[in-house]
Amino acid sequence: MTSQPDMMMPADLPAPAEAASSEAPWLAGLNPEQQAAVVAPDGPLLVLAGAGTGKTRVLTTRLAHLLLSGRARPWQVLAVTFTNKAAREMIGRVSDLLGRSVEGLWLGTFHALGARLLRRHAELVGLKANFTILDTDDQLRLIKQVIEAADLDPRSWTPRALLAIIERLKDRGHTPGNAPESELGDFAFGRSRELYAAYQERLLTLNACDFGDLLLHGLTLFGAQPDILADYQRRFRVLLVDEYQDTNVAQYLWLRLLAQAHKNLTCVGDDDQSIYSWRGAEVGNILRFEQDFPGARVVRLERNYRSTGHILGAASGLIAHNRSRLGKTLWTEDEQGERVRIASLWDDEEEARFVGEEIEAHQRRGGNLNDIAVLVRAGFQTRAFEERFINLGLPYRVIGGPRFYERAEIRDAIAYLRVVHQPEDDLAFERIANVPKRGLGDATLQLLRRTGRDTGQSLVAACRTLCATDELRPKLRTTLIQLLQDFERWRELTTRVPPREVAETVLEESGYVRMWQEDRAPDAPGRLENLKELVHALEEFESLGGFLEHVGLVMDNAADPAGDMATLMTLHGAKGLEFDTVFLPGWEEGVFPNQRALDEGGAKALEEERRLAYVGMTRARRQLTVCYAANRRVYNQWAASLPARFIAELPGGHTEFLMRQSVPEPQISGWFDDLKAGGRGPGFQRMRAAGKAPLIEGQARVLRSELPRSAHRLEVGQRIFHEKFGYGRVLAVEGNKLEIAFDKAGTKKVIDSFVAPA
DNA sequence: GGATTGTGTATTTTT
DNA sequence: TACACAATCC
C-alpha cells in the first residue's frame with residue numbers, strides 16, 4: 001500500500017476571509033463554535049455535535065464555505081451522508097447557500113459512493129460495469145444454494161445465520177482470504193470461510209454485488225491498484241462525513257485510504273447517538289478519531305437549539321448513565337417548559353388510546369398533526385397505534401413500513417428488467433423463468449442449473465447451449481428459444497427507447513400484465529396498479545441501469561404522503577428528525593430495552609439501548625411523553641411487564657408521573673425494587689423523595705381478551721367502507737375478524753369495528 | 001403443477 | 001399463536 005508523505009496543504013490557495021461575516025454572509029446566525037467548525041482550516045477535524053446543536057447546518061455550511069471561498073472545487077469534494085434522504089437534503093441546502101445548483105460533487109451514502117466508484121473499475125475486481133446490486137432476499141436465496149451445494153442441510157445451518165456471519169465479516173473489511181479465524185464462528189463445523197468464499201465466487205459469476213461488497217471491493221481495489229487509489233487521493237481535496245459515530249470498520253478504512261493524501265477530513269457525529277452497532281457500526285471510530293488523525297482539531301457543539309430545558313435535562317440525565325462516552329454538557333437558553341411526562345397504562349391498547357386522546361386534545365387546541373411523532377422500539381409496536389388511529393379517524397403516516405420495491409409483483413417486474421439489463425443475473429432469471437407459467441418447471445430449471453454449472457455459464461447462456469442440442473423436448477425447446485428471442489429484442493430496445501417504454505413493452509409482451517389481468521384473486525387489481533406506479537417511476541430515469549441502481553441502493557419508501565398527519569415510526573428511523581410533540585411508548589423491560597439485544601450484547605447493548613432512548617427523547621422540541629404498559633401480550637399470552645429501567649434513570653426534577661385513576665395497577669407496586677439493585681437507583685430515590693414514585697395497591701383483574709363487538713352485523717358479500725383501506729367486499733367472517741377484498745388495497749383481514757356498511 | 005398438511009420459528013433496529 | 005415454508009399427496 002502506498003503511503004503518502006505527511007505534509008501540509010500546499011500554500012497555493014488564497015487565504016480565505018475567515019470569520020468576517022460581512023464578507024461571508026453565510027456565517028451569519030451561527031454561534032462561535034459553529035463558526036469555528038465551518039471555517040476551520042485544512043486538516044482533520046472532528047465536530048462533536050450533541051443532539052439539536054445544528055450539526056447538519058454546520059456540515060452544509062462548511063461545504064458551502066469551502067466552495068465559496070475557493071478552497072475546493074465541487075469535483076474535489078467527497079461528502080458522505082447516512083441516508084439517501086440526507087444526501088438529497090444536503091444537496092438542496094448547499095445549493096440554497098450558493099444560490100445555484102452544484103454539480104460534480106461526490107455526495108451520497110457510503111454505499112452509493114462505493115457503487116459509483118466500483119462501476120468505474122469493475123473489471124479490476126472481476127465484475128462488469130453493469131453489475132447487479134442484490135437485496136437481502138436475493139442474498140438469502142444465493143446463500144441457500146451455496147449451503148446446499150456444500151452438502152449441508154439449510155434447516156440445521158440456516159442461510160440467515162450464514163448471511164449474518166458474512167455481513168459481519170464484510171462490515172469489518174474481511175475478505176474470505178483474510179478473515180481472522182476468531183471471527184469466523186463455528187457455522188457448519190467451521191466451514192464459514194469456505195462457504196463465504198463460495199458465496200463470493202457465485203456473486204462474481206452472477207456479475208453481482210451485495211451491499212457489503214460495494215465497500216469491500218473498493219478496499220480490495222485500492223489495495224491492489226495503488227495508482228488508482230493515488231488518483232482519488234489527489235482528487236478528493238475535501239472529505240466530509242456525517243453521522244460518523246455510525247460508520248463501520250470497512251467504511252472507516254475506505255475513508256482513511258481516501259483521506260491519506262490531503263488529510264483533509266471533517267467528521268461530524270455524536271457518540272451518544274450511536275445506534276447501529278448491530279449493523280457493524282463501531283463507536284470506537286469516533287472515540288479514536290484523535291489518535292487516528294494526529295493533530296486533529298476537535299470542535300464541540302453543546303448549545304442545543306431544539307428542546308426545552310426539562311426535555312434536555314431529562315435526556316442528559318439518562319445518557320449520563322452510560323460509561324463509554326466522550327461526555328458533553330448540553331445547554332439551552334430555551335425556557336424550562338413542561339416536565340417530561342411519564343404515563344403508566346394498563347396494556348398496549350390503553351396506551352394507544354391514551355396517545356390517541358392526547359393527539360386529539362392537541363388537535364382541538366389548534367395544533368398540527370405534522371408536529372407529532374410516536375416513536376417505537378420495533379416495527380410490530382405500530383400496530384396497536386394504527387388500529388386506534390384508524391378508529392379515531394386520525395390521519396397518520398407510518399415511515400418505514402413495507403416497502404414498495406419488496407412487493408412480489410414489483411420484484412417480478414424488476415427481475416425482468418434485470419435480466420434485460422444484465423443477462424448473467426441468474427437470480428432474477430430464476431424468479432421469472434416460469435412467471436407467467438410457460439412450462440418451465442422445476443425439472444427444466446434443474447437441468448439449466450446443472451448445464452450452467454458444468455459449463456460455467458449463466459442460466460441464459462445455458463438455455464442457448466441446450467437449445468442448440470436436441471436434448472430437449474421440442475415444445476420446451478420452442479418455449480426457450482422464444483424466451484431468449486424476447487430478451488434479445490427487449491435488450492435491443494433499450495438502445496432506442498426510454499426505460500419507461502422498455503418496461504411497458506417487457507411487461508406486456510412477457511405476458512406478465514396479462515397474468516394479473518386474468519387472475520381472479522381480489523388483490524390482482526391492486527397489483528396492476530402497483531405495476532403502473534412502477535412504470536411511472538421509471539420516467540425519471542434516463543437509463544435502465546440508472547433505475548436499477550436506484551432500486552438497489554435507495555431502499556427508502558416513496559415520498560412521505562403529504563397532508564397533516566401524525567407520524568409513526570421506529571426510533572432508528574427518527575434519527576436526525578425533530579417534532580414539537582413526541583410520544584415514546586413501550587418503555588418496558590424486554591421491549592425497550594429490547595430483550596434480544598440484551599441477550600446478544602450484554603452491557604454494551606444496554607448502553608446502546610440507552611442511547612436509543614436518548615435519541616428518541618431529544619427528537620422532541622416542546623413536549624415529551626414516555627409511556628409504559630403494565631401488561632402486554634407476548635405470543636398472544638398476557639404477561640405482566642416491568643417499566644423500563646430507563647424510567648428510573650430520568651432525573652426526577654424534570655419529570656412528572658401521570659397515573660390513570662381508572663386503572664388499577666397491581667404489578668406496579670414496588671416495581672422499581674425489582675429493578676436497579678433493589679430500588680436504590682438515584683432516579684428512584686429522587687422520585688420517592690418528591691412523592692412521585694407510584695405506589696398503588698390493587699388486585700389483578702381478569703383481562704379483557706376481546707374487542708367489543710361491532711354494532712354492525714356484516715355478512716359475506718356485503719359492500720363495506722374502511723377508513724384506511726377504502727371500499728371493499730366482505731369475503732369471510734370469523735368472529736370479529738373479517739376478510740375483505742378491498743378495491744384498492746388488496747385482500748386484508750381486519751377487525752369488524754373498523755368497517756362500516758357502505 | 002397445485003392443494004393440503006405439518007413443522008419450525010418468530011419480534012430489533014436498515015444502507 | 002400465526003405465519004411461512006417444505007414435504008407430501010393428488
Side-chain angles (χ1 to χ4, degrees), chain A residues 80-87 108-115 133-137 139-141 144 148 153-156 158-161 164 167 170-171 209-215 242-243 246-248 250-251 273-281 348 375-383 399-403 405-406 408 434-445 549-557 569-575 586 588 590-601 605 608-609 611-613 615-616 632-638 705 734 737 749:
Chain A
V80 192
T81 57
F82 189 68
T83 61
N84 295 291
K85 189 169 156 228
T109 61
F110 274 107
H111 299 282
L113 294 168
I133 300 169
L134 300 187
D135 62 20
T136 313
D137 218 71
Q139 288 184 64
L140 284 171
R141 281 193 293 149
K144 193 174 166 213
E148 280 165 349
D153 184 353
R155 279 172 312 186
S156 353
T158 65
R160 197 161 279 287
E167 273 183 341
K170 288 187 175 181
D171 284 343
C209 254
D210 65 19
F211 256 78
D213 283 340
L214 295 175
L215 290 160
D242 199 3
E243 309 282 11
D246 285 321
T247 51
N248 62 34
Q251 292 163 340
Q273 294 187 64
S274 162
I275 54 175
Y276 280 93
S277 73
W278 51 274
R279 213 173 73 191
D348 56 341
L375 309 179
V376 297
R377 175 63 180 86
F380 72 89
Q381 291 173 266
T382 58
R383 213 191 69 211
I399 309 284
R403 299 192 173 96
Y405 291 126
E406 282 170 14
N434 205 28
V435 182
K437 303 251 175 306
R438 39 173 87 86
L440 293 179
D442 233 17
T444 314
L445 225 48
E549 174 104 346
H550 170 83
V551 174
L553 288 171
V554 180
M555 297 302 283
D556 49 33
N557 268 314
M569 64 173 135
T570 65
L571 288 159
H572 284 88
K575 185 162 89 159
E588 295 134 43
V591 176
F592 186 35
N594 178 279
Q595 192 55 50
R596 236 175 105 159
L598 296 186
D599 291 347
E600 280 164 27
E608 178 144 321
E609 295 287 299
R611 289 194 291 269
L612 200 47
V615 167
R632 197 166 284 272
R633 235 182 316 199
V634 183
Y635 299 121
N636 247 11
Q637 288 253 315
W638 284 103
S705 59
E734 264 177 83
K737 280 189 196 147
K749 282 193 177 153

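For clarity, every value in this text was computed on a predicted model and none was experimentally measured. Chain letters run A, B, ... following the sequence lines, proteins first, then strands; residues in each count from 1.
As judged by a 4.0 angstrom heavy-atom cut-off over every strand, D171(A) is placed among residues making no nucleic acid contact. Within 4.0 Å of K575(A), counting heavy atoms only, lies no atom of the nucleic acid at all. Residue F110(A) is out of contact with every strand shown, counting any heavy-atom pair closer than 4.0 Å.
Considering only the side chain of K437(A), dG1(B) comes nearest among dG1(B), dT12(B), dT15(B). Comparing dA6(C), dT14(B), dT12(B) by their nearest atom to the side chain of K144(A) picks out dA6(C). For T570(A), taking side-chain heavy atoms from C-beta onward, the closest of the listed nucleotides dT12(B), dT14(B), dT15(B) is dT14(B). For R377(A), counting side-chain heavy atoms from C-beta on, the closest listed nucleotide (dT15(B), dT12(B), dA6(C)) is dT12(B).
Applying the 4.0 Å criterion to OP1 and OP2 of dT14(B), one finds that N84(A) has every side-chain N and O outside that range. Here R596(A) does not reach the OP1 or OP2 of dT11(B): none of its side-chain N or O atoms lies under 4.0 Å away.
Between atom CG of residue L612(A) and atom CD of residue E609(A) there is a gap of 6.0 Å, rounded to the nearest 0.5 Å. To the nearest 0.5 Å, atom CZ of residue F211(A) and atom OG1 of residue T109(A) are 7.5 Å apart.
Separating the CD atom of E549(A) from the C1' atom of dT15(B) is a distance of 13 Å, rounded to the nearest angstrom. With rounding to whole Å, D213(A) atom CG is found 18 Å from dT15(B) atom P. Between I399(A) atom CD1 and dT13(B) atom C1' there is a gap of 16 Å when expressed in whole angstrom units. A straight line from CG of L375(A) to P of dT13(B) spans 14 Å, rounded to a whole angstrom. Taking atom CD of residue Q273(A) and atom P of nucleotide dT14(B), one finds them 16 Å apart after rounding to whole Å. For the pair I275(A) CD1 and dT14(B) P, the interatomic distance rounds to 9 Å; values are reported in whole Å. Separating the CD atom of E167(A) from the C1' atom of dT12(B) is a distance of 14 Å, rounded to the nearest angstrom. Put simply, CZ on R160(A) is 13 Å from P on dA4(C), counting in whole angstrom units.
Residues V615(A) and L571(A) are not in side-chain contact: their nearest non-hydrogen atoms beyond the backbone lie 4.5 Å or more apart. In this structure, H111(A) and Q251(A) have side chains that are in contact, with non-hydrogen atoms separated by less than 4.5 Å.
Residue W278(A) and nucleotide dT13(B) are classified as a stacked aromatic pair, their ring centres being separated by less than 5.5 Å at an interplanar angle below 30°.
Heavy-atom distances to DNA chain B give each of R438(A) and L612(A) a nearest nucleotide, and the one nearer the 5′ end belongs to R438(A). In this structure, E609(A) and H111(A) both approach DNA chain B, and ranking their closest nucleotides by distance from the 5' end singles out E609(A).
Contact between H572(A) and W278(A) at its shortest, heavy atoms only, is NE2-NE1, 3.4 Å.
Salt bridge K170(A)/E167(A): absent, no basic N to carboxylate O contact under 4.0 Å.
Taking atom C1' in both dA2(C) and dT13(B), the straight-line distance is 23 Å, to the nearest Å.
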